[in-house]
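Notes follow the structure.
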Amino acid sequence: MKKKLFAGISLLFTILTAPLAAQNSQEIVIPMIKSPYPVKTVGWSKDGYKFAYPEDRRVLIRRATDYALLQTIYTANGSIDFIHFPQETMGEDYDQLATLSKNNILETRILPNNNVINSVKFNPETGSTVLTASRNGNYIATGSGDGIINLFLQNYMTKTLIQYPLKGEETGPVKYIDFSPDNKKLIAVYKNDMGLIWDVASKKIVARIPYMSSFDVPIIFNSDSKSFFSANAKRTIGMYDLEGNEIKKITAKAQVKSITLSADGKHLIVLATNNMFYFYNIETAKLEKYVPAFNKTPLTAYAFTNSNKKLLIGHEDGTIYVIRMEDFLLNPGEKPPKYRFEDMSNKKAPDDKEDPEEKKQSQKELSENQNQNNNQYNQNQSGNGNQGGGGEANQNQQSKQTQVKTESKVANSVVRRLLFPDMDPHSKTEHEIVIDLGVGTSIAPYNLSFSVETGYLNHGLLFPFYFGGMLKPTLAIAFTEYPYTYTNVETGDVLSNPFLTGGKIFVPIGFTFFPFSSDFEMFTQIQLGASFNLIWNGNIGSKGITSKVYPSFYGGLKIGAGYRYFQIAICEEYEVLTGFSFSGELGVRFGF
């Protein structure tokens, strides 16, 4: 009887707990992207519908709903260290993307158009250190190793950038910069423990603040624009007024690596060295939520959507994860749910069509978040009057005018992506010097010919097409069965078999593409020009004997492949004098 009772209770317990056990056994899927490069930076579009990350000299843009690759942006200006989506866009269907390359070149584009709208070159020897933009997108700012902040005012009517270099006294390299939420101030900190607050309108320093660069933690404004956060110890963040006086202190659970604000401005989000995100209530300085770590390698880049619905994190090993906050924003002490990763790296969009319903939802979340922030800002600014209203209206008008101008370029961009989906000047700079060594056949009785081809190629003007100018000296050797005998008329000595020497001057016109990766290219090239040949006995000076020069037309077809700085090719050539010949070439190229 007891056994039956026990069996019945066990069966009832199993039936009651089965749904809960099934629910707990369900794994949350975390989309993952694998990059061949360490992740330097990541970013979300304004509405959170797209996210982007760089891979050396290109930026990949994916759709946040299904993680399909929508677009690839290429640059020939060095590997990309920073990307940023300024919040001002050219209408709902356009996003502005700013990129900063390692050799200090800033580029801006209006997506989905690939064309560069603005390109600014700084001193390449100083190196880039940071890229950001004001909340309203009117200003873009970059920092460099020489201590200069380049502040740019965006003119939406002319689509140009107006540059204002900001240089403090005896500052070291720029570490971090941040615009205030009211877009009126810029805070910058430097490697020599100096911090400066700039007035954006006057471009003048309004305050000097302390900063401990040894902790290497960003400095950020509070949502009221009247205070800021800065790390003053390994596990401590202080809130300060604009004169540098400490208002309160937040003690973190682990060593601080980076800080940012939540979308509603109520929480300070601390990224710790253990790759976990901690949410601290700014009012109470208490820990309220946390996001667990998903990778043991160093977390090198992260970005929240403007609605704080999703988190994008990248690591040193090249992995990128898309985290839904509703799944992993946990209470202190709460264990993370079960999860698994799903690799979405190879997923490509079948076309450029977007999900209108999903995009409307993203824009709705963004609008709700902006309204909440605007209400909070208006409360903070109550009593200050309605300043700058005319300016905002003018900016909106400029934005609409720019949208009309931009739309005409979008169709051309789409056609170019359809024709050349894998075009990538990754291993190409705009200007190149090429040196090729070749071995080939020649006209009988010459058995082999040797050549050195060198010249200039331009890849930037009509990419993926290129052109240039080349010079190709040649030397052909007859090893056996030479049908003629040459004798020195003065001594009667029989001369050895002479060489067939000469050269070619031609214009190469080619087409290059990248079928597998951004390091590997293939190219086809047509060569048109003139050739010059003569017979030479191989001696130098007074004993040297040559024939007259025989000029002729030259044409060639070269097909080859390249990997980074090296290339290999086969070439079929034709000269009126010597006829057809074939050669193989191995060479290097130097960009400048």
Side-chain angles (χ1 to χ4, degrees), residues 39 41-44 130 132 175-181 187 189 195 209-225 227-241 244 246-316 320-336 369 373:
V39 183
T41 179
V42 293
W44 291 97
V130 65
T132 190
K175 292 290 293 180
Y176 301 104
I177 52 181
D178 186 46
F179 283 93
S180 60
I187 193 169
V189 291
I209 56 175
Y211 174 73
M212 297 183 182
S213 62
S214 59
F215 299 126
D216 198 20
V217 175
I219 190 167
I220 61 172
F221 273 102
N222 197 1
S223 58
D224 60 3
S225 300
S227 57
F228 63 90
F229 296 95
S230 177
N232 53 28
K234 289 185 177 181
R235 296 177 55 181
T236 305
I237 304 102
M239 178 194 290
Y240 301 87
D241 61 25
E246 187 174 87
I247 301 173
K248 67 174 56 178
K249 186 180 297 183
I250 296 176
T251 302
K253 290 183 66 66
Q255 183 175 339
V256 180
K257 185 175 183 178
S258 181
I259 56 176
T260 189
L261 278 182
S262 62
D264 58 10
K266 296 180 180 180
H267 293 87
L268 180 69
I269 305 174
V270 176
L271 168 63
T273 53
N274 60 8
N275 290 353
M276 298 175 66
F277 292 87
Y278 297 97
F279 286 65
Y280 292 89
N281 187 298
I282 295 176
E283 186 67 27
T284 64
K286 300 294 184 181
L287 175 64
E288 292 190 348
K289 299 285 184 179
Y290 84 99
V291 176
F294 301 94
N295 191 314
K296 293 183 179 180
T297 64
L299 195 156
T300 52
Y302 71 95
F304 289 89
T305 58
N306 287 327
S307 61
N308 267 177
K309 299 290 185 181
K310 290 183 179 181
L311 168 63
L312 195 64
I313 53 178
H315 294 80
E316 193 176 74
I320 301 171
Y321 306 104
V322 183
I323 307 300
R324 293 187 298 267
M325 299 300 291
E326 63 183 18
D327 295 331
F328 293 100
L329 188 58
L330 310 173
N331 296 316
E334 183 181 357
K335 292 184 178 180
N369 180 65
N373 290 342

Side chain to side chain contact (heavy atoms under 4.5 Å, CB included) between Thr236 and Lys249, worked out: CA-CA 7 Å; Thr236 305; Lys249 186 180 297 183; 3.1 Å; yes
Is the shortest side-chain heavy-atom distance between [X] and [Y] below 4.5 Å?
X: Ile320; Y: Ile313; value: no
X: Pro292; Y: Leu330; value: yes
X: Ile220; Y: Phe228; value: no
X: Lys309; Y: Glu326; value: no
X: Val291; Y: Tyr278; value: no
X: Tyr176; Y: Asp216; value: yes
X: Leu271; Y: Leu299; value: yes
X: Lys310; Y: Ile323; value: no

Taking all heavy atoms of [X] and all of [Y], pick out the closest pair and write down the distance.
X: Pro210; Y: Gly244; result: CD-CA, 4.4 Å
X: Lys234; Y: Phe215; result: N-CE2, 3.7 Å
X: Thr300; Y: His315; result: OG1-C, 3.4 Å
X: Ile237; Y: Ala252; result: CD1-CB, 4.5 Å
X: Lys253; Y: Arg235; result: O-NH2, 3.0 Å
X: Ala285; Y: Tyr280; result: O-CD2, 4.1 Å

From [X] [atom1] over to [Y] [atom2], what is the distance, rounded to the nearest 0.5 angstrom?
X: Leu268; Y: Glu283; atom1: CG; atom2: CD; answer: 13.5 Å
X: Ile219; Y: Ile187; atom1: CD1; atom2: CD1; answer: 3.5 Å
X: Asn308; Y: Asp264; atom1: CG; atom2: CG; answer: 7.0 Å
X: Leu312; Y: Thr305; atom1: CG; atom2: OG1; answer: 10.0 Å
X: Asn274; Y: Lys296; atom1: CG; atom2: NZ; answer: 12.5 Å
X: Ile269; Y: Phe277; atom1: CD1; atom2: CZ; answer: 8.0 Å

Would [X] and [Y] count as having a side-chain donor-acceptor pair, cut-off 3.5 Å?
X: Asn281; Y: Lys266; result: no
X: Glu246; Y: Asn232; result: yes
X: Tyr240; Y: Asn222; result: no
X: Asp224; Y: Ser227; result: yes

So for atom NZ, which belongs to Lys248, do other residues, nucleotides or ligands contribute more than 12 heavy atoms lying within a distance under 6.0 Å?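 Yes - once you tally the heavy atoms of other residues, nucleotides and ligands closer than 6.0 Å, there are more than 12.
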Measure up the Tyr302 and Phe304 rings against each other and bin them: parallel (under 30°), tilted (30 to 60°), perpendicular (over 60°). perpendicular
May I ask you to decide if the ring planes of Phe294 and Tyr321 are parallel, tilted or perpendicular, using 30° and 60° as cut-offs? tilted
Test side chain to side chain contact (heavy atoms under 4.5 Å, CB included) applied to Glu316 and Val39, step by step: CA-CA 6 Å; Glu316 193 176 74; Val39 183; over 6 Å; no
Flag, side chain of Asn275 to backbone of Asn295, donor-acceptor distance under 3.5 Å: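 Looks like yes, one N/O pair under 3.5 Å.
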I'd like to know if the side chain of Trp44 and the backbone of Asn306 have a donor-acceptor N/O pair within less than 3.5 Å.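 No.
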